[in-house]
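Computed from a prediction, not measured in an experiment: that's the story for all the values here. Whatever order the structure lists them in is the order used to number ligands and atoms, beginning at 1.
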Amino acid sequence: MALITEHPFQGDGKPIIYLVATPIGNLGDMSSRAEEILKTADIIACEDTRVTSALLSLKDIKAKRLVSCYSQKEKEESIRLVQEVKERHLLLAFVSDAGTPGISDPGALLVKAAIEQGIPVSFVPGPTAFTSALIMSGFDTADFSFYGFLPVKKSARKDFLSNLKEREESLIFYEAPHRLKEALQDMKEIFGEERNVCLARELTKIHEEYTRGTLKEVYESESLTLLGEFVIVIEGFQKKDVEFNEEEIIKSAKRMIKDGKRKTEISKELAAIYKVPKNQIYKLIQDL
Ligand code: SAM
């Protein structure tokens, strides 16, 4: 890719494409900038026109033109939409069914097509289920991996999880409600019954719920029988056999806190010095 520096807000504001985040359940989470851009857009492209029409009508927004661009036809439709934006000097807004476009949803190919055709593209941030779930898990937020949806086939899912068994960062997955039990069963088998997990259900909605515990406890809990949308957050692998001088580490950490350093920074630095996993140090110093 050739080097390009882009400033989407220079010029007369058109042609331009905005990826606009929408709520993941709570209408109040739609930003005023998101509403403004949807109101002024010449075209709103979305996944499912029924879902977006319902959102627009709840927000009293009248789309000038609403077109669908769902995942199966995202590539060709993105190229076509960018061409139209360019030729007719338009403002196009793209929304997915919920949350942040491009995060386990269409959107990324539209950005790619815009970059390739030299059309300014910008982003109106908003809710994303995985960031909320990670923050609420209580696990390490400085180092994490987000995998989106797991493979549907059991053997592929198990292979996929086996490769993550000793990863030390927090692991985040989306899962469809009807596959949750199977997914947790495989995780229990592969990561071990004692690995900590947080199941974040119905984020931002009335029935928002967090179930935290070991994989065994959560697998046997009532939460598994409940309906709704879930994010699974797994605590990173903890190397139990590593011995280290807790007193010395705490002493160093206290000194670093006094110097104004953040605990995530301290964990990283001390992990390098003492050659132990940084999540183990973070755990030790989190209450200082
Ligand atoms: N683009 C969305 C985002 O920014 O998070 C994700 C879309 S993906 C197709 C849908 C998955 O996200 C669901 O199956 C669930 O795992 C997760 N999800 C979406 N909304 C959620 C919510 N309110 N509570 C918990 N999980 C949610």
query: Mind checking whether I103 has a heavy atom under 4.0 Å from ligand 1?
result: yes
- prompt: Does any N or O atom in E229 lie less than 3.5 angstrom from one in ligand 1, N or O only?
  reply: yes
- prompt: So which of T204, N26, D105 gets nearest to atom 1 (N) of ligand 1, if we judge by its closest heavy atom?
  reply: D105
statement: Looking at I24, V231, T22, the heavy atom closest to atom 26 (N) of ligand 1 belongs to V231
- prompt: Just distances here: any N/O of A129 and N/O of ligand 1 closer than 3.5 Å?
  reply: yes
query: For Y174 and ligand 1, does the shortest N/O to N/O distance drop below 3.5 Å?
result: yes
Cut-off 3.5 Å, no hydrogens considered: what does the side-chain donor-acceptor table look like for residues 217-232, sequence neighbours left out?
{"residue": "E217", "atom": "OE1", "partner": "T214", "partner atom": "N", "Å": "2.9"}
{"residue": "E217", "atom": "OE1", "partner": "T214", "partner atom": "OG1", "Å": "3.4"}
{"residue": "E220", "atom": "OE2", "partner": "K216", "partner atom": "NZ", "Å": "3.2"}
{"residue": "S221", "atom": "OG", "partner": "V218", "partner atom": "O", "Å": "2.8"}
{"residue": "S221", "atom": "OG", "partner": "S223", "partner atom": "N", "Å": "3.4"}
{"residue": "S223", "atom": "OG", "partner": "E209", "partner atom": "OE1", "Å": "3.1"}
{"residue": "S223", "atom": "OG", "partner": "T211", "partner atom": "OG1", "Å": "2.7"}
{"residue": "T225", "atom": "OG1", "partner": "E222", "partner atom": "O", "Å": "2.6"}
{"residue": "E229", "atom": "OE1", "partner": "K205", "partner atom": "NZ", "Å": "3.1"}

Identify every side-chain donor-acceptor pair in residues 27-35 under 3.5 Å, counting partners at least two apart or on other chains, and give the distances.
{"residue": "S31", "atom": "OG", "partner": "A34", "partner atom": "N", "Å": "3.0"}
{"residue": "R33", "atom": "NH2", "partner": "F123", "partner atom": "O", "Å": "3.3"}
{"residue": "E35", "atom": "OE2", "partner": "K59", "partner atom": "NZ", "Å": "3.3"}

query: Under 3.5 Å between some N or O of ligand 1 and some N or O of R201?
result: no
message: So is A98 touching ligand 1 or not, going by heavy atoms under 4.0 Å?
response: yes
query: Does an N or O from F149, backbone or side chain, lie closer than 3.5 Å to an N or O of ligand 1?
result: no
message: I'd like to know whether the aromatic ring centres of Y174 and F146 sit less than 6.0 Å apart in this structure.
response: yes
